[in-house]
Amino acid sequence: MALLTFRGGVHPPEHKELSNKKPIQPLTPPKLVTIPLVQHIGAPTKPVVSAGQEVKRGQLLAEPTGFVSAAVHASVSGKVLSISETVNPMGRPVPAVVIENDGRDEWIELEEDPEYLSRPPDVLKERIQRAGIVGMGGAAFPTHVKLSPPKEKPIDVVILNGAECEPYLTADHRLMVERPREIIEGLKIIMRILGVEKGYIGIENNKPDAIDRMREAAEGEPIEVVALQVKYPQGAEKMLIKAITGREVPAGGLPMDVGVVVQNVGTSYAIYEACRFGRPLIERVVTVTGRGVKEPGNFLTRVGTPIGELIEAAGGLADRAVKIVMGGPMMGFAQYSLDVPVTKGTSGVLVLSPAEYVSADSYRACIRCGRCIDACPMGLIPSMLSILSEKGFYEDTKEYNLFDCFECGTCTYVCPAKRPIVQLIRLAKMLVKR
Amino acid sequence: MELPEEKISYLQLIKNGIFKENTIFRLVISLCPSIAVTNSIRNGFLLGVAVLFVQTMVNTTVGLLRHFIHPRIRIPIFMLIISGWVSVVDMLMAAYAREAYKEIGLYIQIIVAFASILARAEMFASKHRVDYSFFDGLGSGLGFLIALVIISFFRELLGRGTLLGYPIVHAKPLLIMVMPTGGFLVVGLLMGFFNWIDIRFYGGKGAGGAGGH
Amino acid sequence: MSSEFTKLFELFIAASIINNFVFTRFLGLCIFFGVSKKMETAVGMSITFTSVMVIAAALSWLAFHYVMVPLEVTFLKIVIFIGIVAAFVQASDTIMRKVSPGLYYKLGVYLALISTNCIIIAVPLINAGENYNFLESLSFGLGSGIGFAIALVLMASIREKLELADVPRPFRGMPIAWITTALIALAFTGFSGIITL
Amino acid sequence: MAVARKEQELVVSVSPHIRSEETVARIMWTVSLSLLPAFVMGVYYFGPRAIFVTALCIVGSLFSEWLVQKMTSRPVTISDGSAFLTGLLLGMNMPATAPFYIPLVSSFVAVAIAKQLFGGLGYNIFNPALVGRAFALITWPRAMTTWIEPSAAFVGMDAKTTATPLGLLKEEGMNRLLEVFGDRITLYTQLLIGHRAGSLGEVSVIAILLGAGFLLIKRYITWHIPVSYLATVAVLAWVFGGKEGLFTGDPLVHLLSGGLMLGAWYMATDYVTCPSVRKGQILFGIGCGFLTMLIRLKAGYPEGVMFAILLMNCLTPLIDRNLKSRVFGERKEAKK
């Protein structure tokens, strides 16, 4: 049977072999953690601790200021040194709590509940909200919001996203291989909350071991593990829904418009941890990879750990590292400092060597080869968008469905003229809104 | 009532018509003949002369009559004057330049619809003394004539290897130059060249944006 | 009858494509270059022009054959034709404004440009010169109009694309538009010889 | 700490951080390479003169590109292979007997006027090589339609002149064509391998298909334009191509002769001047096919490929403007 997929997309070299056989190693928490108080999309949080205060692992540091907002917790026990500012992986300044680790790693009192699956949906949802869980695939949208669709949008399908279509990254892959049961339990919680009978787990076919382990774990449950064609951006919500259910999220719409909720497998694991053990989201699996580090691997990392620590743990920088990226190579953010902390949405730290890095400093005129049009998963015409934006005709870009672009970078990857298409599209989006 | 008019030098008016407000290259109006009749110098010259004559006579007539024309019906009156003079030229050409008339007759008649002529009557002759109007018409007409001769010079030389019918170059001519494509091409290249001179030596902006009928 | 029809059809095709007013007869160039910058104006212009050309062809034919020939004043054809066109344009301007203001706002602006345009006056003059009958005159007028419309729309779409092009500075705007027209005319030579009238 | 020292050397740029290895230069040079078989066949049939003509075209193209870019103080891009490809295609569209000034002048027109004046690669409206070819045909009609018989024996300039199969077909009909070639099978085989009069690079259909197949496999071109083009030509040739009435034409002769194969696979598929959306490309192909057959059967010229593609080049912006790709999740009711 042909594997399920969507129209468009590209096949960048995967490079997953660097780290996909490396088991998840817990990373010793560093001396200092810097925990950004905004790690999600939505309203900011309000700090509830002050400098000098002793905190325990899992203690609330900042509470949400609205429904679309997520709580932040201490990832180590120790003393709050200051509430200052740090730079988040996107390069923007955000308030942050700096904690000096006392090394004792003492938990706050946790509310365990072996009977979690029999609790009413509202209780489970409340636990998720309290644990500060956000989408861990990268978007970092507060999970409890996604689990509260309005009544007029009935949900009948839940999909767990295990596609991990970004090259290099293996964090979700390792999690699926090593914690399949927990992920399935998390999915069952989500299904209970939404009252959904059918769950899917979509996994790209380049992770056969993960597919096997998940299938084993899903035995006897109303959950189907679906093998997907390997293609970027298979893991984009809309593409995943199209591949698995054949439904198309309308332009400008959300998955719930077609009765679907998508969650990342890491999120599902965090949901299980929260509902079963009452643990807030304070750590996650981060892949440290690329030919710029000596020993790539997957690390269970506390939120707030500077990426420099992770790179050290991976054997340090190889002699010639040119670029450090947080997230995947297609949509991640290049970093200029090694002090940037890991957040809830950090799936990987990628260190590129000169061999992997294609300089695209100079670009030239579009030759209208159409590669970007073929590759665009959204069926847009990126070439025209980039030309119009380049020449300053921002308003005209709306005619070419500017706002349907979700900036996956596929067009830019394939462009033979090395045009910064995504950048130009972002520019147009910024200027058109204004 | 005659407003005291500023003194304008006749020479200035003529130069203005030839360079600054050259109908074809700078104002980019009344273009049709620049292609249609410029496949030989003779045709280009004859049409240029016709336009020169009409332009000058119309300007003079309008300059003379401007006080008797009611402003509200001035445009139809101008049109009447123009078509009258065009008819005169048309019949003169038909009588005395039979050969050429066969080729360019239609375009002589079309002079009636040249925006440049109406524009000069409206913008200049209806507001100025008759002698100024005369020289303005003369300058503008000369500019037109010169432009046509330049274009037809290149087209005849390149396309037939001749000038005014006399063989000049003995190599194989570029036949395409006397065809429509060559006409458009020569005008486009000349326009670009004049723009280049304007930008390079006079700090101008080039006459790209203009355009009318 | 059918050969009559074929003749009309051939006349129409010849006028619209093979002897296209713009690319081979060099008429209406001023309007052609003037209004082909934006597709919207080009389309509005095309509609207005085609209808005016057909009607002007009809009116002039009637005037020529029923008034001017009997009275032997054909030497006045330039004056009379331009009078007819101007009067018709003025009348339709007034009527359109009263009857259909919406349409007037869309197309009325182009009407003002028409009365002094060579392409409109050329149709009656050519009809008179070639001695076409009434239907032939209409067919020629329609063909010329459609041909002009084709040229305008083509050029507008190309110039919208050229707006985005990195044309060397002295050639921006008019010069490159002329060179583009030259190349379109080059392509149109391929049609030569399809219909020989 | 070693890590800290590295910070200054880090490259910071926006995503995506990896790029495909495809470049404009690689595409152009690969396409040029794929033309090699057809070119070699041209040399085989028409002798060293074919190399001379093509080389002049290439030199002329490269020089024109360099000259205009110097004059407009732009970066010189002759190494990207696009001017080379234009020159090569132009050369392959010339009769091997073309006197030296034809390749030089027409390659200048192709690159300087049809390409660089519009802003260079990516901005041209018309296929430069075809503009050069059309310019030459109209300027030197005699020289551009004087064909010599192919001769594998590397004969000199005294080769016998003859008409192209299409010329014969148009002037004297199918029967005369069969008379010249013997029988139908010989005719088809000769056309296929390229033993016929014509432009030096267009004669060998099989060599062109070889190169085109390579490009298809490499995904440098797609089937949409060539197939819709060839199919339209075949159907129209079958329906209207015969002298004895409808449905008596010989589509194969039309498919295999003239510049159709070279045009359909190499000229019509020029990225810059064809529509970029698939639907538009199919329309473009059909239009090319229709115009080609219109000109071949009705107009003054025996071959219509060049004019057909140039005419469709004019229409490309209009097609691109009105036919867009289907946007993911586009609502059906919005299309009413």
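Naming: A, B, ... by sequence-line order, numbering from 1 per chain. These numbers come from the heavy atoms of this one structure, side chains and all, not from hydrogens, waters or symmetry mates.
For chain C, the option among Ala308(D), Gly119(D), Gly120(D), Gly300(D) with the highest count of heavy-atom pairs below 4.5 Å is Gly119(D). With chain D as the partner, the residue from Leu183(C), Leu154(C), Ile179(C) showing the most heavy-atom pairs under 4.5 Å is Leu183(C). In terms of heavy-atom pairs under 4.5 Å with chain C, the best-connected choice from Gln116(D), Arg74(D), Met306(D) is Arg74(D). Looking only at heavy-atom pairs under 4.5 Å with chain C, the residue among Asp320(D), Ile295(D), Val68(D), Leu311(D) that has the most is Leu311(D).
Within a 6.0 Å sphere centred on CZ of Phe290(D), heavy atoms belonging to other residues, nucleotides or ligands number 12 at most. Heavy atoms from other residues, nucleotides or ligands lying under 6.0 Å from OH of Tyr101(D) number more than 12.
Within the 4.5 angstrom heavy-atom criterion, no atom of Leu297(D) approaches chain C. Only the side chain of Ile138(D) comes within contact range of chain C, with at least one heavy atom under 4.5 Å from a heavy atom of that chain. With a 4.5 angstrom heavy-atom cutoff, Leu164(C) touches chain D only via backbone atoms. Only the side chain of Phe126(D) comes within less than 4.5 Å of a heavy atom of chain C; its backbone N, CA, C and O stay farther away. For Ile125(D), the part lying near chain C is the side chain, with the backbone staying farther off; criterion is any non-hydrogen pair under 4.5 Å. Contact of Leu162(C) with chain D is made through the side chain alone, with heavy-atom distances under 4.5 Å.
Distance check: Leu315(D) CG to Ser157(C) OG gives 7.5 Å after rounding to the nearest 0.5 Å. Within the model, atoms OG1 of Thr180(C) and CG of Asn124(D) stand 11.0 Å from one another, a figure rounded to the nearest 0.5 Å. Interatomic distance, SG of Cys314(D) versus CD1 of Ile184(C), reported as 5.0 Å (0.5 Å rounding).
What you find for Ala187(C) and Leu310(D) is that their closest heavy atoms are CB-CB, 3.7 Å. When every heavy atom of Tyr301(D) is checked against every heavy atom of Thr189(C), the shortest pair comes out as CE1-O, 3.5 Å. Residues Ala299(D) and Phe191(C) come closest through the heavy atom pair CB-O, 4.3 Å. Residues Lys161(C) and Val272(D) share a closest heavy-atom pair of NZ-O, 3.9 Å. Across every non-hydrogen atom of Ala165(C) and Phe118(D), the tightest pair is CB-O, 3.6 Å.
Taking the side chain as every heavy atom from C-beta outward, Leu318(D) and Met39(C) approach each other to under 4.5 Å.
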